[in-house]
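Report on the following structure.
Remember, predicted model here, so these are calculated numbers, not experimental data.
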Amino acid sequence: MNMDQNQKAMLQEGVTRVMTEDEYETAWRLETHCYPAEEAASLEALQYRLQHAPQLSMGYFIADTLIGLVCGVQSDKPTVTTDSLNKHIPNGETLCIQSVCVDKGHRKKGIAAGLLRSYIEYIKQLTPRPKRICLCAHDYLIPFYTKAGFKVTGINKQFQWGNAEWYGFELTLDE
């Protein structure tokens, strides 16, 4: 089965939808299972995101269980910075994706790729919409994000999180 067939099967099996403000604890539990402790967002950070920018958080659910998550906030900066994780600027020109995660038991099934594709298409429909989507990730994720249409912008020195080196990615949205 190729990736497109996996993604179609994924979409038939579960439901992709915008998350609600009261789902921050569920999002946090998934985040803490997907990321090392020093990289996972805090409960307060996820509560902030879903409280101030719920329209920028999308989940993938199977039988009402959150399996995957993409969430972010908008910023007035042209890229992700450490500060942009903690502040949402409504109508900011940059959407900073802060988390893309899938439950470990559901990985390698095309869920992350399908969820990210659905998220990007959803963001393109927002009015007003951001000019770009940016994120930071580890080097081993470069193939995943470039396949999704992002361009690598290099090591992001404006972003410090945990002990790792982070690469910047940008997807310019068509006018």
Side-chain angles (χ1 to χ4, degrees), residues 1-20 23 26-36 39-41 46 49-50 53-75 79-80 84-85 94-126 129-156 159 161-162 164-174:
M1 186 182 294
N2 68 33
M3 188 59 81
D4 287 337
Q5 290 171 325
N6 271 339
Q7 290 169 358
K8 288 176 186 173
M10 178 271 296
L11 293 174
Q12 292 171 355
E13 182 180 337
V15 175
T16 301
R17 66 167 172 79
V18 174
M19 295 184 66
T20 62
E23 292 177 311
T26 303
W28 175 73
R29 281 193 294 278
L30 178 62
E31 175 109 359
T32 58
H33 285 103
C34 291
Y35 291 105
E39 293 179 13
L46 282 158
R49 292 175 201 169
L50 284 168
Q55 75 282 6
L56 302 178
S57 294
M58 182 174 280
Y60 174 71
F61 297 81
I62 297 176
D64 295 326
T65 300
L66 181 64
I67 302 300
L69 167 71
V70 178
C71 65
V73 295
Q74 285 178 266
S75 172
T79 190
V80 177
S84 69
L85 294 179
T94 304
L95 169 57
C96 300
I97 291 180
Q98 298 168 320
S99 186
V100 177
C101 59
V102 172
D103 179 80
K104 291 176 184 176
H106 293 274
R107 291 185 183 165
K108 304 293 184 195
K109 298 177 181 178
I111 293 172
L115 180 57
L116 186 58
R117 181 175 289 122
S118 294
Y119 186 79
I120 292 166
E121 290 306 312
Y122 165 75
I123 295 302
K124 287 180 177 180
Q125 304 306 313
L126 293 179
R129 74 169 180 210
K131 290 185 176 181
R132 69 191 72 77
I133 301 173
C134 293
L135 60 92
C136 288
H138 297 295
D139 60 351
Y140 70 89
L141 290 167
I142 290 173
F144 174 77
Y145 287 113
T146 55
K147 188 173 182 180
F150 287 84
K151 292 182 182 169
V152 181
T153 58
I155 296 172
N156 186 335
F159 182 74
W161 194 259
E165 192 168 63
W166 296 88
Y167 285 79
F169 295 83
E170 180 177 324
L171 175 67
T172 302
L173 300 178
D174 301 326

task: Name the orientation class of the two ring planes belonging to F150 and Y145 (parallel below 30°, tilted from 30 to 60°, perpendicular beyond 60°).
output: perpendicular

Taking all non-hydrogen atoms of both residues, which atom of [X] and which atom of [Y] are closest, and how far apart?
{"X": "S99", "Y": "R49", "value": "CB-NH1, 4.1 Å"}
{"X": "M19", "Y": "G59", "value": "CG-N, 3.6 Å"}
{"X": "V102", "Y": "L30", "value": "C-CD1, 4.4 Å"}
{"X": "G14", "Y": "I62", "value": "CA-CG1, 4.2 Å"}
{"X": "C134", "Y": "E170", "value": "SG-CG, 3.9 Å"}
{"X": "C96", "Y": "S75", "value": "SG-CB, 3.7 Å"}

task: For the pair L66 and R29, evaluate side chain to side chain contact (heavy atoms under 4.5 Å, CB included) and give the outcome as yes or no after the intermediate values.
output: CA-CA 9 Å; L66 181 64; R29 281 193 294 278; over 6 Å; no

Between [atom1] of [X] and [atom2] of [Y], what distance do you get to the nearest 0.5 Å?
{"X": "L95", "Y": "L135", "atom1": "CG", "atom2": "CG", "result": "9.0 Å"}
{"X": "K109", "Y": "D103", "atom1": "NZ", "atom2": "CG", "result": "9.0 Å"}
{"X": "L115", "Y": "T16", "atom1": "CG", "atom2": "OG1", "result": "5.5 Å"}
{"X": "T65", "Y": "Y60", "atom1": "OG1", "atom2": "OH", "result": "11.5 Å"}
{"X": "I123", "Y": "L171", "atom1": "CD1", "atom2": "CG", "result": "11.0 Å"}
{"X": "E165", "Y": "F159", "atom1": "CD", "atom2": "CZ", "result": "12.5 Å"}

task: Could you list all the side-chain hydrogen bond (donor to acceptor under 3.5 Å, both in side chains) pairs where at least one residue sits in residues 134-144, not counting sequence neighbours?
output: E39-H138

Side chain to side chain, [X] and [Y], heavy atoms closer than 4.5 Å:
{"X": "V152", "Y": "F169", "value": "yes"}
{"X": "W166", "Y": "V80", "value": "no"}
{"X": "T79", "Y": "T94", "value": "no"}

field: For C71, the option from V100, L50, L46, I97 that meets side-chain contact (heavy atoms from CB on, under 4.5 Å)
entry: L46

- request: Evaluate the criterion side chain to side chain contact (heavy atoms under 4.5 Å, CB included) for residue pair L126 and L56; output intermediate values, then yes/no.
  value: CA-CA 10 Å; L126 293 179; L56 302 178; 3.8 Å; yes

- prompt: For R132 and T172, what are the C-alpha separation, side-chain angles and deciding distance, and is it a side chain to side chain donor-acceptor pair (under 3.5 Å)?
  reply: CA-CA 4 Å; R132 69 191 72 77; T172 302; 5.9 Å; no

E23: partners by salt bridge (charged side-chain N to carboxylate O under 4.0 Å, His left out), with sequence neighbours left out: R17

